[in-house]
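Below: one structure, written as structure tokens.
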Amino acid sequence: MVPRLRGWARSLMASRVRGGLALPLSNGLSIPVLGLGTSHVGGYSHEAVVYALQKCGIRHIDTAKRYGCESLLQNAIKESGVKREDLWITTKLWHSDYGYEKTKQACLESCRRLGVEYLDLYLVHWPDAQVPGKSSREVRAETWRAMEELYATGMCRSIGVSNFLINHLEQLKEDCEVTPHVNQVEYHPFQRPQELLDYCRSRNIVFEGYCPLAKGEALTHPKVIQLAKKYGKTPAQICIRWSIQNGVVTIPKSTKVERIQENCEGVFWLVVPPLLCQYSTEM
């Protein structure tokens with residue numbers, strides 16, 4: 001007998017967009033559950049992005065102004081031939097651009113670099129702000145009001161935050177109108193902020209995880225290797241599937257086409273809850 005899946009898991013299995021499984025956002029949109037992360041650390045690979053889009057069916061690209069590769073992504077997307085309307089593009093607002101007017105200008109500049117007229121998801125990159133004479137809470141509220149306007153005009157189809165803790169989200173709830181659609185934080189077997197995940201889920205904020213392989217550390221962990229052998233998968237596929245089946249939008253990154261292929265193949269297989277329990281308690 002196959003165990004029953006939780007509500008969010010049923011939503012995950014039932015909801016599909018171009019490019020695979022998706023999770024519903026509170027505004028009615030669906031975000032692809034597997035994305036391709038980019039970063040300024042470890043370089044950027046044009047070939048890998050094009051391969052992910054053309055050969056693996058990836059439709060979710062995650063980047064940030066801080067990473068310095070928005071313009072490079074524009075070129076890769078054009079070469080891939082994938083239509084803009086079939087993509088989910090996320091980028092992030094860096095703290096040097098926090099504030100009402102600067103936030104709106106930064107969004108326009110990111111769109112220009114990416115070669116798009118709108119963003120699918122725009123995230124406030126960090127909760128801490130460094131603006132003389134103002135508290136971080138004041139700057140976050142001012143910045144979020146600009147994000148709300150970008151959302152209202154359609155420049156950003158959804159808006160969210162990154163690396164926010166419960167107290168930051170509570171303050172935003174008190175100070176602003178629109179609840180973030182997404183909170184992106186580090187999430188992997190060695191970093192499982194369950195209280196934060198439960199809080200986000202209680203407020204209908206989709207939880208998104210970066211570094212699902214723990215920067216490579218999870219790939220050599222004995223328990224991960226043991227599970228990979230048991231299920232005939234690679235350690236990376238075990239980690240990615242574990243994250244996704246926990247209801248977390250997962251964005252591994254790689255500059256190697258063979259790794260991207262491997263990561264994508266880690267999505268479409270079902271791990272029943274007993275594995276999740278074993279993995280969570282023994283890691």
Side-chain angles (χ1 to χ4, degrees), residues 9 12 19-21 23 31-64 66-67 69 76 90 92 162-163 183-194 196-197 206-283:
L12 170 63
L21 300 173
L23 278 172
I31 181 171
V33 75
L34 181 69
L36 176 65
T38 60
S39 176
H40 56 293
V41 178
Y44 171 85
S45 170
H46 175 87
E47 178 189 11
V49 175
V50 174
Y51 182 87
L53 293 170
Q54 288 185 337
K55 304 299 184 181
C56 299
I58 287 288
R59 293 297 179 263
H60 178 175
I61 302 292
D62 182 275
T63 189
R66 174 74 175 89
Y67 304 159
C69 58
T90 298
K92 307 177 192 72
S162 182
N163 302 298
N183 186 19
Q184 183 186 115
V185 302
E186 184 174 352
Y187 186 81
H188 50 74
F190 313 128
Q191 177 72 21
R192 302 194 299 266
Q194 190 62 44
L196 178 60
L197 192 155
V206 166
F207 201 84
E208 187 172 39
Y210 63 83
C211 291
L213 309 182
K215 299 180 180 179
E217 291 183 21
L219 303 182
T220 56
H221 192 282
K223 291 296 181 183
V224 178
I225 293 173
Q226 178 185 349
L227 289 170
K229 290 179 179 179
K230 178 178 180 180
Y231 288 92
K233 302 296 178 180
T234 68
Q237 290 169 345
I238 288 288
C239 292
I240 290 169
R241 186 64 224 189
W242 172 82
S243 177
I244 288 173
Q245 196 156 320
N246 277 329
V248 175
V249 174
T250 304
I251 45 173
K253 66 180 180 183
S254 180
T255 58
K256 299 178 180 178
V257 296
E258 62 271 19
R259 294 297 186 191
I260 291 173
Q261 181 68 47
E262 176 186 341
N263 293 344
C264 292
E265 291 174 353
V267 177
F268 299 103
W269 61 289
L270 181 63
V271 184
V272 294
L275 171 59
L276 299 185
C277 294
Q278 175 192 15
Y279 194 24
S280 296
T281 56
E282 295 184 8
M283 291 296 295

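Closest heavy-atom contact between S243 and T250: OG-OG1, 2.7 Å.
Relative orientation of the F190 and H221 rings is tilted, given thresholds of 30° and 60° on the angle between their planes.
Residues I31 and E208 are in side-chain contact: their nearest non-hydrogen atoms beyond the backbone lie under 4.5 Å apart.
Within a 6.0 Å radius of CD in Q261, more than 12 heavy atoms belonging to other residues, nucleotides or ligands are found.
The OG1 atom of T234 lies 8.0 Å from the CG atom of L219; values are rounded to the nearest 0.5 Å. Here the CD1-CG distance, from I58 to L34, works out to 4.0 Å after rounding to the nearest 0.5 Å. Distance check, rounded to the nearest 0.5 Å: CZ of R241 to CG of N246 gives 10.0 Å. T220 OG1 to L213 CG: the interatomic distance, rounded to the nearest 0.5 Å, is 11.0 Å.
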| task | For L53 and L36, run side-chain contact (heavy atoms from CB on, under 4.5 Å): C-alpha distance rounded to whole Å, both residues' side-chain angles, the deciding distance at 0.1 Å, then the answer. | result | CA-CA 9 Å; L53 293 170; L36 176 65; over 6 Å; no

| task | Evaluate side-chain contact (heavy atoms from CB on, under 4.5 Å) for K92 paired with Q184, printing each intermediate quantity in order. | result | CA-CA 10 Å; K92 307 177 192 72; Q184 183 186 115; 3.2 Å; yes

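Using a 3.5 Å distance cut-off with no hydrogens or angles, the side chains of D62 and Y67 do not pair a donor with an acceptor. Neither side chain, Y231 nor Q237, offers a donor N or O lying under 3.5 Å from an acceptor on the other.
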